[in-house]
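What follows is a short report on a single structure.
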Amino acid sequence: MFTLLAACGKMTLDFLEYVGGLFVMGWRIICALPSIFVSPRLTIDQMLQIGVNSFPLILLVSVFTGSVAAWQTAYQMVDFVPMRFLGVTVGKAVTIELAPVLTALVLAGRVGASIAAELGTMRVTEQIDALEAMAIDPVRYLVLPRVVAGIIMIPILSLFATVIAILGALVVSVSVVNISSEMFLNGVKRYFYISDLVAGQTKAAMFGLIISLIGCYQGFITSGGAEGVGKSTTRAVVVSAVLILIADFLIATLMFRMG
Amino acid sequence: MNDKSNNEIVIEVRGLEKSFDNHRVLNGVEMDVRRGETLVIIGRSGCGKSVLLKHIIGLLSADRGTVSVEGRTLSKLTRKELYEVRLRFGMLFQNGALFDSLSVGENVGLALREHTRKKMAEINEIVARKLEQVGMGGMENKMPADLSGGMKKRVSLARAISLDPDFILFDEPTTGLDPITADAIDDLIVELGGHPSVTSIAVTHDMASAYKIADRIMMLHDGRVLVSGTPDQIRSSTDPIIHQFINGLATGPLKAI
């Protein structure tokens, strides 16, 4: 009984320490924010790394996302809903939900893991200590560029994913469901609100923050050599994925109020 | 060895205690370092030598006790003030801790780029000079992954001295190197520490290196300073623990395993 209580207590403490550490890092990022203009090169490098290099992967993922969305929706609509509503349904789902969330989940794997592994390795090989010893703030030098790049690039990738997914859906609708491209695109257009697109990209920016911040934090708290780096990397992906889904729900309840 | 040491105490450690996971590593360390001297801290692996070194530059914060550099207590400084103090330090890490995403030249020039307003050409010139000084001239474009252990240490040394620091900390400078390379690194440390205003602290368990570079040797044992004296005093010590350690004997008061 006592050991159970002690284990619960330790878990609570660990959790609070983790959350507290995240907030401390968040605060230090805010304090370091003005310095982003001093060395923009660091941020641009990360934008290339996180953003541009992720385009091929996002292209692949969103083509299939759109295609499957069209296929599944058509399957569910058969005999109940006229096919001219296919474009509306798929367009909405992709814009506000599928593109931002799937982009974020895939990037949690690609970007979050790579940030955690890189910074984790720097931690265990004392490179972060070396920066500190050289009076270079590692939060400014390593974390800030990655977080800013994440917040800027993930919405751009998500926007790109939205377009590609709708094109993917169009191809499936025309070739498999056998509706005309006009009918599909009219559906997309008629109920297209710019506010949906803004909402989707706002979510994506939030997810970008989650992925990069968790990746950096997890990297910073790494200990225990190669095994520690492995654990941190896994943890960065798992924690970001869970937080993305929780944040998605919270934002949905705030942004898309019904009635 | 030289008598450039004067009596001005520049680093003061008082009652320093530090534990990791309920294991007390430092247990009331008291230590003074004088300007210009080269102090070597010896002790067994895991006795807290590196931990002590990291407290001196503020990379770790003490559970109890204080570290002061030229009268400024590190734990009372803001981050900005701490960085000001650190700018006067150079540190050689155990495995070099070179940034693997940067080339050798960028590693050595990083602090210059970040902390000075020098032009690129001037920085490159300083980098070339520092690399030349450690025998790595012309290696600017190599990546750390392409270097051997000894070369990494040399580059790391060049990086540590890029801002001409007043204090240089060496964490196991010769560990893992072949005896000839180790001796070359020792020569460099002696050369760097030879400047009257440069205070050096080295941590090692390599006695050949300790005798060669030290003005004063201090032994850490059970989380405290066991003894402090000149290399000759240490060499002729009759204390069984010191005798066992400096002669590398498996039998004696210290348990070998």
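Letters go in sequence order (proteins before strands), and every chain restarts at 1.
- Heavy-atom distances place the backbone of B:L98, and not its side chain, under 4.5 Å from chain A.
- Only the side chain of B:L102 comes within contact range of chain A, with heavy atoms under 4.5 Å apart.
- Scanning residues 116-140 of chain A against chain B with a 4.5 Å heavy-atom cutoff picks out A:M122, A:T125, A:E126, A:Q127, A:D129, A:A130, A:L131, A:E132, A:A133, A:M134, A:A135, A:I136, A:D137, A:P138, A:R140, ordered by number.
- A:S158 and A:Q201 share a side-chain donor-acceptor pair at under 3.5 Å.
- In this structure, the side chain of B:K153 does not engage the main chain of B:L177 through any donor-acceptor pair within 3.5 Å.
- Interface remark: B:E84 contributes no atoms to any contact with chain A (heavy atom separation under 4.5 Å).
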Self-check item: Trace of the side-chain hydrogen bond (donor to acceptor under 3.5 Å, both in side chains) decision for B:S209 with B:D186
Solution: CA-CA 6 Å; B:S209 164; B:D186 286 340; 2.9 Å; yes

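- Contact of the B:M218 side chain with the B:M31 side chain is registered, since non-hydrogen atoms from C-beta on lie closer than 4.5 Å.
- With hydrogens and angles left out, the side-chain atoms of A:S54 and A:R110 include a donor and acceptor closer than 3.5 Å.
- Screening A:L57, A:V101, A:L157 for a side-chain contact (heavy atoms from CB on, under 4.5 Å) with A:V106, the sole residue that qualifies is A:L57.
- Looking only at side-chain heavy atoms (C-beta outward), B:V40 and B:I42 come within less than 4.5 Å of each other.
- Counting heavy atoms from C-beta outward, B:L192 and B:I161 have side chains that approach closer than 4.5 Å.
- For the side-chain contact (heavy atoms from CB on, under 4.5 Å) test with B:T174, the passing option among B:T204, B:T181, B:I189 is B:T204; the others fail.
- Contacts between B:L87 and chain A at a heavy-atom distance below 4.5 Å involve backbone atoms as well as side-chain atoms.
- Between A:Y18 and A:Y217, the ring planes are perpendicular. Angles over 60° get that label, and only those under 30° would be called parallel.
- Applying a 4.5 Å heavy-atom cutoff, the residues of residues 72-83 of chain B that approach chain A are B:R79, B:Y83.
- Side chain of A:S240 to main chain of A:A108: no donor-acceptor pair is present (N/O by atom type, distance under 3.5 Å, no hydrogens or angles).
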